[in-house]
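Report on the structure given below.
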Amino acid sequence: MASLWHVSVVVVLVLLGGSDANLASPHRSQLDVNHKKPLQTFRPFNIAHRGSNGEIPEETAAAYLRAIEEGADFIETDILASKDGHLICFHDVTLDATTDIADRAEFAGRKRTYEVERGNVTGWFVVDFTLSELKSLRVKQRYTFRDQQYNWKYKIITFDEFILIALYAERVVGIYPEIKSPIFINQYVKWSGGKKFEDKFVETLQKYGYKGEYMSEDWLKKPLFIQSFAPTSLIYISNMTNSPKLLLIDDTTARTQDTNQSYSEITSNGYLTFIRNYVIGIGPWKDTVISAVSNHLGHLTDLVARAHALNLQVHPYTFRNENLFLHFNFHQDPYAEYEYWLSIIGVDGLFTDFTGSLHRYQQWTAPHQMK
């Protein structure tokens, strides 16, 4: 018998990718959250980083369905825009790494060089293709050491389609979209009425009823975290939505794409005190919290403690099962890494490529709410 996941993949891919069906107005009965199992809020959140992309090509309907089946609390995505202004789920501003664009002769002349975050990048850029053209591409697994059997089977999906995957789930599943590369997108994609990328992003969320402060009744019905590496984008949309936002944190030597500040400055007490007026948390790269030296854990900073002292949540990224990504201290055991971050450091959520592994660990160690 086919698993529920395989059945769901067939259904959703037919609806979202293989037909012209309009799902923008789903039946109320299918989306009635009052009869769904609620989001768990008693333990740190399991955030499916680009879906269950350790198994299936990232940011595809299949990867998100798999993550939901495996127990994700939130499905995470990166939002970019097509040439004709449609919002899509895709990580890179170029298509080269995870699509068949290089094999498409009709697009050979579209290769360009643009400045992206103060450096020149050459490739096939998302902003040079219409949604129809992007939908004609097929995607593949980013890493060659991961399962390749799903390569070229799935399409790029839109922000609307991503949202509907969460809303059609049999339990309440949160979404965690990123306002990706807003400076670049606003430079090359234009919308009528002078609207910006951030405006279209928020409009899409509001179209599906996403609203409410963290843990409010509205939020619990349709859980949402909005994330970005660009603090000005988060500040800008704070006037449009009260949904919870998190500022992503890169390596401390890197600089923000919008304000040109180092993340060392961004993680200072003064800046965290300022930005908490607009966000409820931060999403730091793991090595910003604890440095790595020759693949061993190095100095543990006080970033998590300082963030918690300001009542900011901490959702670090990215947790991956493969030995390549595990520090030697964890003895090639991803569960030991989860134990360290959840029990010793005490973070509030984890971005993981392997949703099922984190879910199993949490079911073993914290299956029920403590009374």
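A quick note: this is a predicted structure, and the numbers were derived from the prediction, not measured. Index from 1, following the sequence.
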task: Locate the shortest heavy-atom distance separating R50 from Y64; write the atom from each residue and the value.
output: C-CE2, 3.6 Å

query: Can you list the residues that meet the salt bridge (charged side-chain N to carboxylate O under 4.0 Å, His left out) rule with D258, with sequence neighbours excluded?
result: none

query: Which of these passes side-chain hydrogen bond (donor to acceptor under 3.5 Å, both in side chains) with S52: R66, E58, E69, E70?
result: E70

- prompt: Any side-chain heavy-atom pair from L95 and F129 closer than 4.5 angstrom?
  reply: yes

- prompt: Transitively linked via ILVMFWY side-chain contacts under 4.5 Å: V173 with L220?
  reply: yes

query: Where do N53 and R146 land on the side-chain hydrogen bond (donor to acceptor under 3.5 Å, both in side chains) test, with the steps shown first?
result: CA-CA 9 Å; N53 86 89; R146 289 180 172 171; 3.1 Å; yes

message: When you compare the side chains of S357 and N321, does any donor N or O come within less than 3.5 Å of an acceptor on the partner?
response: yes

Results of side-chain hydrogen bond (donor to acceptor under 3.5 Å, both in side chains) for R255 - residues two or more places apart only: N260

message: With side-chain contact (heavy atoms from CB on, under 4.5 Å) as the criterion, how do L164 and Y208 come out once you've worked through the C-alpha distance, each side chain's angles and the decisive distance to 0.1 Å?
response: CA-CA 9 Å; L164 289 169; Y208 293 98; 3.9 Å; yes

Contacts table for residues 241-252: side-chain donor-acceptor under 3.5 angstrom, sequence neighbours left out:
residue	atom	partner	partner atom	Å
T241	OG1	S243	N	3.1
T241	OG1	S243	OG	3.1
N242	OD1	G212	N	3.1
K245	NZ	T241	O	3.0
K245	NZ	S243	O	2.6
D251	OD2	T253	N	2.8
D251	OD2	T253	OG1	2.3

query: Between Y210 and D218, does a side-chain hydrogen bond (donor to acceptor under 3.5 Å, both in side chains) hold up when you go through it step by step?
result: CA-CA 8 Å; Y210 284 91; D218 286 329; over 6 Å; no

task: For the residue pair H296 and N329, confirm or rule out a side-chain donor-acceptor distance under 3.5 Å.
output: no

statement: When every non-hydrogen atom of A67 is compared with those of I75, the smallest separation belongs to CB-CG2, 4.2 Å

message: Any salt bridge linking D353 with R320? Criterion: basic side-chain nitrogen under 4.0 Å from a carboxylate oxygen.
response: yes

Sequence neighbours left out, cut at 3.5 Å: what donor-acceptor pairs do the side chains of residues 270-280 make with other protein atoms?
residue	atom	partner	partner atom	Å
T273	OG1	N269	O	2.7
R276	NH1	L310	O	3.4
N277	ND2	F274	O	2.9

message: Please find the pair of heavy atoms, one from S181 and one from Q257, that lie closest to each other, and give the distance.
response: CA-OE1, 3.2 Å

- prompt: Does anything in residues 332-343 pair up under salt bridge (Lys or Arg N to Asp or Glu O under 4.0 Å), and if so which pairs, sequence neighbours excluded?
  reply: K286-E337

query: Under a 4.5 Å cut-off applied to non-hydrogen side-chain atoms, are L80 and D78 in contact?
result: no

task: To the nearest 0.5 Å, tell me how far S268 OG sits from R306 CZ.
output: 7.5 Å

field: Within 6.0 Å of NZ in K190, more than 12 heavy atoms from elsewhere
entry: yes

message: Under 3.5 Å, is there a donor on one side chain and an acceptor on the other for D348 and H308?
response: yes

Steps toward side-chain contact (heavy atoms from CB on, under 4.5 Å) verdict (R360, Y335): CA-CA 9 Å; R360 285 189 293 273; Y335 296 115; 3.6 Å; yes

query: With the 4.5 Å side-chain cut-off for hydrophobic clustering, are F328 and Y340 part of the same group?
result: no

- request: Show your working on side-chain hydrogen bond (donor to acceptor under 3.5 Å, both in side chains) between H315 and Y176 and close with a plain yes or no.
  value: CA-CA 11 Å; H315 300 173; Y176 209 131; 2.8 Å; yes

message: Looking only at side-chain N and O atoms, does T352 offer a donor or acceptor that is under 3.5 Å from a partner on Y338?
response: yes

field: Distance-only donor-acceptor check, side chains Q40 and N46, under 3.5 Å
entry: no

message: For F45 and Y214, take the angle between the two ring planes, folded into 0 to 90°, and tell me which bin it lands in: parallel under 30, tilted 30 to 60, perpendicular over 60.
response: perpendicular

- request: Could you tell me which non-hydrogen atom of K153 sits nearest to which non-hydrogen atom of R138, and how far apart they are?
  value: C-CD, 4.4 Å

query: Donor-acceptor pair, D199 side chain versus K196 backbone, under 3.5 Å?
result: yes

query: Below 4.5 Å, heavy atoms only, C-beta onward: do Q227 and F351 meet side chain to side chain?
result: yes

field: Donor + acceptor pair across side chains of Q141, E55 (<3.5 Å)
entry: no

query: Would you call F90 and V126 a side-chain contact if the rule is heavy atoms closer than 4.5 Å?
result: yes

task: Check whether the ring centres of W285 and Y263 lie less than 6.0 Å apart, and answer yes or no.
output: no

message: Starting from I56, can I reach W152 by hopping between I/L/V/M/F/W/Y residues whose side chains sit under 4.5 Å apart?
response: no

- prompt: How about E59 and T77: does a side-chain donor come under 3.5 Å of a side-chain acceptor?
  reply: yes

query: Run the side-chain contact (heavy atoms from CB on, under 4.5 Å) check on K135 and T158 step by step: do they pass?
result: CA-CA 9 Å; K135 282 286 191 180; T158 65; 4.1 Å; yes

- request: Check whether the ring centres of Y188 and F125 lie less than 6.0 Å apart, and answer yes or no.
  value: no

task: Check the pair T60, I157 against side-chain contact (heavy atoms from CB on, under 4.5 Å), reporting the backbone distance first and the verdict last.
output: CA-CA 6 Å; T60 60; I157 65 172; 5.7 Å; no

- prompt: Should L326 and L297 be regarded as members of a common hydrophobic cluster, given that ILVMFWY residues are connected when their side-chain heavy atoms come within less than 4.5 Å of each other, either directly or indirectly?
  reply: no

- request: Determine whether I165 and I68 make a side-chain contact, defined as any pair of heavy atoms from C-beta on separated by less than 4.5 Å.
  value: yes

- prompt: Which ILVMFWY residues can you reach from Y143 by hopping between side chains whose heavy atoms are under 4.5 Å apart?
  reply: F145, L324, F325

- prompt: Are side-chain heavy atoms of E170 and K36 found at a separation under 4.5 Å?
  reply: no

- prompt: Taking atom CD of Q363 as the centre, does the number of heavy atoms from other residues, nucleotides or ligands within less than 6.0 Å exceed 12?
  reply: yes

- prompt: Could K207 and E203 be called an ion pair, given the rule that one side-chain N must be under 4.0 Å from one carboxylate O?
  reply: no

field: Side chain proximity check, E117 to F184, heavy atoms < 4.5 angstrom
entry: no

message: For a quick check under 3.5 Å, do E198 and S233 share a side-chain donor-acceptor pair by atom type?
response: yes

message: Between L303 and P284, is there a side-chain heavy-atom distance shorter than 4.5 Å?
response: yes

query: Can you list the steps and then say if R104 with S136 is a side-chain hydrogen bond (donor to acceptor under 3.5 Å, both in side chains)?
result: CA-CA 10 Å; R104 300 289 295 273; S136 74; 3.2 Å; yes

message: Quick check on the 6.0 Å ring-centre criterion: do F319 and F354 meet it?
response: no

message: Quick check: F201 with F159 (ring centres under 6.0 Å apart)?
response: yes

- prompt: Same hydrophobic cluster for F42 and V314, using side-chain heavy-atom links shorter than 4.5 Å among ILVMFWY?
  reply: no

Separation between CD of E213 and NZ of K211, rounded to the nearest 0.5 Å: 13.0 Å

